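Below is one structure, written out as structure tokens; the observations come after it.
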Amino acid sequence: MVIRSRKLACVMLGISAALLFSGCKSTTEKTQEAMSLVQQLDYDAALLLFDEAESAGENERLIARGRGIASMGLTDYEQAIEYFREALSKGSGFVQPVDFDLNYYLAAAYVKNGQFKEAVETYDAILGLRPGEQDAYFLRGCALLEISEYERAKADFDKTLSMDPHNYDRLIQVYEALAHHGYQTAGREYLTSALENGGKSLDVYDSGRIYYYLGEYQKAYIALETAKESGGAESFLYLGRAYEATGDYNYATNVYNSYLAKAGGNAEVYNQLGICEMAKGEYAKALTAFQAGKQLEDSEYLQALSYNEIVAYEYLGDYRKAAVLLEAYLKAYPDDGQARREQGFLSTR
């Protein structure tokens, strides 16, 4: 059973609820309540409340949008696509911010449903109206990789990086997308170019994590040791991962614990600490770390922490507890195929 080291990549770039609901508070009360349930991952209850919102005559576009997001949570991507298309069809004819929001969600649903050409066409539509949308270039590039259109994907990656050449977060996203699809050499060229041309914009934190992805761990150590003195959790995380990559789990554990002692709770740090403890065979300590991270209720890492908690219980031989938690996990994350396969294994224990 593979443990999860990082949050899942998010392909949905929705605009804020505050923006969507502004100016129409009196007619979206139930819709807002339903969206709160969506945020709590209670999708079935949210859909029931959207029905009530519809009966109350609330905003049809926002209801269709909310139903689409809830359907995605339930992994009913075809239904989600229908809802997002319905929401788009209810527009006034004048392009509004919510139209871009809906198109991003629609493209994400197409990607989840394996309809990558349709996703590309949706990003085409976004860029036709907003040619400065960096996210759309990047996400279209990712979708193009899925249909083996490498040259077009690379052109999109070149474009998004040229629009913000010192955005090293995006640089790393591009590298990871290329490496995932077997184009690691091309991804490394981007990283190497950033090191050579970054100049003063490239601080020790950014250079350290670029060295990490290039596999130059000693250089990564040196840069990240400096970065962590004034940096946040990410500096400690990359430093720890660099030591993990060389098999020095003891030092990596010390790095994570030193951050937690210094700055307090951080869900990602607890998750990585747990993974380190698992690698050392310290399963009880790993479980403690995963559970501490879950208590922080950080939605970005809750799935990884919940899954890894199950893994820890398995290694501790508590299969009954693992099975109970896995059942609850699959209700919240029903599209996790690996977890479903694991459920089959646990049923035989």
Side-chain angles (χ1 to χ4, degrees), residues 1-9 168-169 171-180 184 187-188 191-192 194-195 203-294 296 298 300-316 338:
M1 193 172 187
V2 179
I3 55 181
R4 309 288 172 85
S5 62
R6 304 187 68 185
K7 62 182 178 181
L8 302 181
Y168 299 112
D169 291 332
L171 170 71
I172 288 169
Q173 288 176 332
V174 168
Y175 166 77
E176 290 181 321
L178 288 166
H180 177 73
Q184 189 171 25
R188 288 174 64 87
L191 297 178
T192 302
L195 284 174
D203 61 19
V204 287
Y205 167 65
D206 289 321
S207 62
R209 57 185 180 148
I210 290 173
Y211 281 127
Y212 167 76
Y213 285 107
L214 286 170
E216 297 184 37
Y217 300 120
Q218 187 172 7
K219 291 181 180 179
Y221 301 154
I222 295 170
L224 292 167
E225 282 285 2
T226 302
K228 78 180 179 68
E229 295 305 318
S230 58
E234 287 295 325
S235 298
F236 285 81
L237 282 162
Y238 273 103
L239 178 61
R241 288 180 186 131
Y243 280 106
E244 286 183 62
T246 61
D248 193 345
Y249 296 105
N250 287 322
Y251 194 86
T253 299
N254 290 336
V255 169
Y256 303 134
N257 279 321
S258 67
Y259 174 81
L260 294 169
K262 167 188 172 184
N266 179 288
E268 188 177 9
V269 175
Y270 273 122
N271 190 54
Q272 203 65 34
L273 173 61
I275 291 170
C276 236
E277 297 288 11
M278 293 282 283
K280 292 161 56 182
E282 297 284 357
Y283 305 123
K285 290 182 179 179
L287 179 62
T288 298
F290 297 138
Q291 291 177 335
K294 283 183 66 178
L296 299 174
D298 183 334
E300 289 186 321
Y301 289 94
L302 184 59
Q303 181 173 0
L305 285 160
S306 298
Y307 187 88
N308 291 341
E309 179 187 23
I310 295 165
V311 177
Y313 272 116
E314 283 196 37
Y315 275 100
L316 287 167
Q338 181 179 321

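Computed from a predicted structure; not experimentally measured.
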Less than 4.5 Å apart, side chain to side chain, heavy atoms only: is that true for Tyr283 and Met278?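 Result yes, sub-4.5 Å side-chain heavy-atom pair found.
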* Asked: Under 3.5 Å, is there a donor-acceptor pair linking the side chains of Tyr249 and Glu282?
  ->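 The criterion, which ignores hydrogens and geometry beyond distance, is not satisfied for Glu282 and Tyr249.
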List the residues meeting side chain to side chain contact (heavy atoms under 4.5 Å, CB included) with Tyr212, not counting sequence neighbours, and say none if there are none.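 Per chain and number, Tyr212 pairs via side chain to side chain contact (heavy atoms under 4.5 Å, CB included) with Tyr217, Ala220, Tyr238, Arg241, Ala242.
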Could you state the interatomic distance from [atom1] ([X]) to [atom2] ([Y]), rounded to the nearest 0.5 Å?
{"X": "Thr192", "Y": "Tyr213", "atom1": "OG1", "atom2": "OH", "value": "15.0 Å"}
{"X": "Asn308", "Y": "Ile275", "atom1": "CG", "atom2": "CD1", "value": "5.0 Å"}
{"X": "Leu191", "Y": "Ile210", "atom1": "CG", "atom2": "CD1", "value": "6.0 Å"}
{"X": "Glu244", "Y": "Leu239", "atom1": "CD", "atom2": "CG", "value": "10.5 Å"}

(Q) Taking salt bridge (Lys or Arg N to Asp or Glu O under 4.0 Å) as the definition, give me every residue that meets it alongside Asp206, ordered by chain and number, with sequence neighbours left out. (A)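 Asp206: salt bridge (Lys or Arg N to Asp or Glu O under 4.0 Å) contacts with Arg209.
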* With sequence neighbours excluded, residues passing side-chain hydrogen bond (donor to acceptor under 3.5 Å, both in side chains) with Tyr175 ->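 Checked Tyr175 against side-chain hydrogen bond (donor to acceptor under 3.5 Å, both in side chains); matches are Gln184.
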Can you give the donor-acceptor pairs under 3.5 Å from side chains of residues 285-294 to other protein atoms, not counting sequence neighbours?
{"unit_1": "Thr288", "atom_1": "OG1", "unit_2": "Ala284", "atom_2": "O", "d": "3.1"}
{"unit_1": "Gln291", "atom_1": "NE2", "unit_2": "Glu309", "atom_2": "OE2", "d": "3.1"}
{"unit_1": "Gln291", "atom_1": "NE2", "unit_2": "Tyr313", "atom_2": "OH", "d": "3.1"}
{"unit_1": "Lys294", "atom_1": "NZ", "unit_2": "Glu309", "atom_2": "OE1", "d": "2.7"}

Name every donor-acceptor pair, under 3.5 Å, that has one atom in a side chain of residues 221-236 and the other anywhere in the protein, sequence neighbours excluded.
{"unit_1": "Tyr221", "atom_1": "OH", "unit_2": "Thr246", "atom_2": "OG1", "d": "2.9"}
{"unit_1": "Glu225", "atom_1": "OE2", "unit_2": "Tyr251", "atom_2": "OH", "d": "3.0"}
{"unit_1": "Thr226", "atom_1": "OG1", "unit_2": "Ile222", "atom_2": "O", "d": "3.3"}

Taking distance alone, no hydrogens or angles, what donor-acceptor pairs closer than 3.5 Å link side-chain atoms of residues 257-267 to residues at least two apart or in another chain?
{"unit_1": "Asn257", "atom_1": "ND2", "unit_2": "Thr253", "atom_2": "O", "d": "3.3"}
{"unit_1": "Ser258", "atom_1": "OG", "unit_2": "Asn254", "atom_2": "O", "d": "3.2"}
{"unit_1": "Ser258", "atom_1": "OG", "unit_2": "Val255", "atom_2": "O", "d": "2.6"}
{"unit_1": "Asn266", "atom_1": "OD1", "unit_2": "Glu268", "atom_2": "N", "d": "3.0"}
{"unit_1": "Asn266", "atom_1": "OD1", "unit_2": "Val269", "atom_2": "N", "d": "2.9"}

